[in-house]
Protein chains: 2
Amino acid sequence: MKEQIKTYFNRYVTFEDSEIDAIYSKLEEKTFRKKEFLLTENSICRYNFFIVKGVVRLFYLDAKGHEKITQFAIDNWWITHMESFIQQIPSTQYLQAIEDTTVLCLSKSNLETLYKTYPKLERMFRLITENMLIANLRKSDIYLQMKSKERYSFFVEKLPGFAQRVPQYMIASYLEITPEYLSELRRQRI
Amino acid sequence: MKEQIKTYFNRYVTFEDSEIDAIYSKLEEKTFRKKEFLLTENSICRYNFFIVKGVVRLFYLDAKGHEKITQFAIDNWWITHMESFIQQIPSTQYLQAIEDTTVLCLSKSNLETLYKTYPKLERMFRLITENMLIANLRKSDIYLQMKSKERYSFFVEKLPGFAQRVPQYMIASYLEITPEYLSELRRQRI
DNA sequence: AGTCTTTCTTAAGATATCTTAATTTTTAGG
DNA sequence: CCTAAAAATTAAGATATCTTAAGAAAGACT
């Protein structure tokens, strides 16, 4: 598992093995069964989660009590409820495992301490955050340009891993359409 | 103008005056007349722009040649086409002044150099990028939950400065609705 | 294998939003 | 001030998407 972290970290910034060791020692391994929650509404998100293996979704409940999925994450992604984690305020969303999932948990306080000792880590997260922002802006653009049908094709094409590992009604939620309508779109496409 | 920068920077990280001077010396002042472009499609965005005074919009042309606005920025905001600036690839969007605007331009290469000398600056931009990401995620959530009518009320309420300084058809574009439909919504609301 | 739960499909009617095109109002430049 | 250009409004018809409700299919657990 430390190897996986090392490989991942060195994609962004070159770290010494000793640095990796020090940072790694601040990560806490946890496993969650399918459907278990990593975070629930109203609690403060204390961790940024690095997914070693598994699938996790971030979602909230709308006024009618329907789940609205805003993010998915799989192996080698970080996931957290940003607003809650960064500002240490109660979360409006849930984090839940879709499959059995192993994560490494990086707490806010450990992260702040590590930033002071390892400016490289700050650089890594600056770069990761930039990438997340770009991905998010791009997602908004795509949703702005495309009708639902195209969004679905796009999703299936660009994120081939996901369509298999995630039930269709969750994809519908992420694509911001109803499962019924997605079903109809899929029928039309044949 | 240096005072404005100093005040702004110190909101995020405490800098020495000498540090502010050094960073400030790498910023290039420019002014743009209303409707002038800071960046056009297909060119590489070399700068992150700090708006000293004015209003700027970021937009692209959709398949039908209609302008789709993805961001506004006013005094004391940074704006750039993230994807183009960070990755130094051709931009898919335009940056244009809506009013006469004064900006301070920070080039990608100057920024990289400054990061090496001043880790504090890296921290500041890490924090700014986190805030931008949170704002963007929140925007997506809002658009997901709200119908057009609520989005308009929300925009008017939360960004009171903007509704005055930006023409209505641009607000419509930002809200992802047609100007005709926005007009109808406004009528209904009385 | 059998039952309970979860997921997916189908269809009819309702609604939000867009399209087009014409008209009115406001703003900017000589 | 006057006129041309830009922006906002109005209305009718078209379309995408949702809602509700029911039934079919697939998966999970004894």
Side-chain angles (χ1 to χ4, degrees), chain A residues 33-37 55 57 59 61-69 72 94 96-100 140 142-156 162-190, chain B residues 32-37 54-55 57 59 61-69 72 94 96-101 142-156 162-190:
Chain A
R33 305 296 306 275
K34 183 174 177 169
K35 298 200 179 171
E36 235 186 304
F37 288 94
V55 186
R57 64 174 180 153
F59 71 96
L61 298 177
D62 71 9
K64 293 181 187 156
H66 294 142
E67 297 172 352
K68 301 276 191 168
I69 297 175
F72 289 119
Y94 299 80
Q96 187 187 34
I98 295 180
E99 297 175 354
D100 293 354
S140 305
I142 285 167
Y143 280 51
L144 186 51
Q145 299 182 61
M146 294 184 180
K147 299 275 180 207
S148 328
K149 199 171 197 169
E150 302 167 276
R151 289 208 293 269
Y152 178 67
S153 311
F154 193 84
F155 180 87
V156 172
F162 286 72
Q164 276 83 54
R165 292 169 84 175
V166 171
Q168 190 175 306
Y169 76 94
M170 290 191 188
I171 297 174
S173 172
Y174 181 75
L175 295 175
E176 303 180 12
I177 53 182
T178 58
E180 294 84 357
Y181 190 51
L182 176 55
S183 185
E184 197 182 326
L185 291 176
R186 279 162 51 87
R187 177 164 40 112
Q188 285 174 28
R189 231 158 57 90
I190 299 164
Chain B
F32 294 89
R33 305 297 305 275
K34 182 173 179 170
K35 298 200 178 170
E36 235 185 305
F37 288 94
V55 185
R57 64 174 180 153
F59 72 95
L61 298 177
D62 72 8
K64 293 182 187 156
H66 294 141
E67 296 172 353
K68 302 276 192 168
I69 297 175
F72 290 118
Y94 299 81
Q96 186 186 34
I98 295 180
E99 298 175 353
D100 292 354
T101 298
I142 285 166
Y143 281 52
L144 186 51
Q145 299 183 59
M146 294 183 180
K147 299 275 180 207
S148 331
K149 199 173 195 167
E150 301 167 276
R151 289 208 294 269
Y152 178 67
S153 311
F154 193 85
F155 180 87
V156 171
F162 286 72
Q164 275 83 54
R165 291 168 85 174
V166 171
Q168 190 174 305
Y169 76 95
M170 289 192 189
I171 297 174
S173 171
Y174 181 76
L175 296 175
E176 303 181 13
I177 53 183
T178 57
E180 292 85 356
Y181 190 51
L182 176 55
S183 185
E184 197 183 324
L185 291 176
R186 278 162 52 88
R187 178 164 40 113
Q188 285 174 28
R189 232 158 58 91
I190 299 164

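Just so we're on the same page: letters track the sequence lines, and every chain starts at 1. Worth saying up front: this structure is predicted, and the values here are computed from it rather than measured.
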**Message:** So that I can tick it off, tell me whether Glu176(A) and Arg151(A) are bridged by a salt bridge, with the cut-off set at under 4.0 angstrom between side-chain N and carboxylate O.
**Reply:** no
**Asked** Any Lys/Arg nitrogen of Lys34(B) or Asp100(B) sitting under 4.0 Å from an Asp/Glu carboxylate oxygen of the other?
**Response** no
**Complete:** Closest non-hydrogen atoms of Val166(A) and Ile171(A), given as atom of the first, atom of the second and distance, are O-CD1, 3.8 Å
**Options dA28(D), dT9(D), dA16(C), nucleotide nearest the side-chain atoms of Tyr181(B)** =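 Given the options dA28(D), dT9(D), dA16(C), the side chain of Tyr181(B) is closest to dA16(C).
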Check the distance between [N]'s [atom2] and [X]'s [atom1] and give it to me in whole angstrom.
{"X": "Leu182(A)", "N": "dA16(D)", "atom1": "CG", "atom2": "C1'", "result": "15 Å"}
{"X": "Gln188(A)", "N": "dT15(D)", "atom1": "CD", "atom2": "C1'", "result": "12 Å"}
{"X": "Glu176(B)", "N": "dA16(C)", "atom1": "CD", "atom2": "C1'", "result": "15 Å"}
{"X": "Glu184(A)", "N": "dA21(D)", "atom1": "CD", "atom2": "C1'", "result": "15 Å"}
{"X": "Leu144(B)", "N": "dC18(D)", "atom1": "CG", "atom2": "C1'", "result": "14 Å"}
{"X": "Tyr143(B)", "N": "dA16(C)", "atom1": "OH", "atom2": "C1'", "result": "17 Å"}
{"X": "Met170(B)", "N": "dA6(D)", "atom1": "CE", "atom2": "P", "result": "12 Å"}
{"X": "Ile98(A)", "N": "dT7(C)", "atom1": "CD1", "atom2": "P", "result": "10 Å"}

May I ask you to verify if any side-chain N or O of [X] is less than 4.0 angstrom from the OP1 or OP2 atom of [N]?
{"X": "Tyr169(A)", "N": "dT7(C)", "value": "yes"}
{"X": "Arg187(A)", "N": "dC8(C)", "value": "no"}
{"X": "Ser148(A)", "N": "dT17(D)", "value": "yes"}
{"X": "Gln168(B)", "N": "dT9(D)", "value": "yes"}
{"X": "Thr178(B)", "N": "dT17(C)", "value": "no"}
{"X": "Arg186(A)", "N": "dT9(C)", "value": "yes"}
{"X": "Lys147(A)", "N": "dT15(D)", "value": "no"}

**Non-hydrogen side-chain atoms of Lys68(B) and Phe59(B) separated by less than 4.5 Å** = no
**Asked** Centres of the Tyr174(B) and Phe155(B) rings: under 6.0 Å?
**Response**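 Centroid separation for Tyr174(B) and Phe155(B): below 6.0 Å.
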**Request:** Find which nucleotide of DNA chain C each of His66(B) and Glu180(A) is nearest to by heavy atoms, and output the residue with the more 5' nucleotide.
**Result:** Glu180(A)
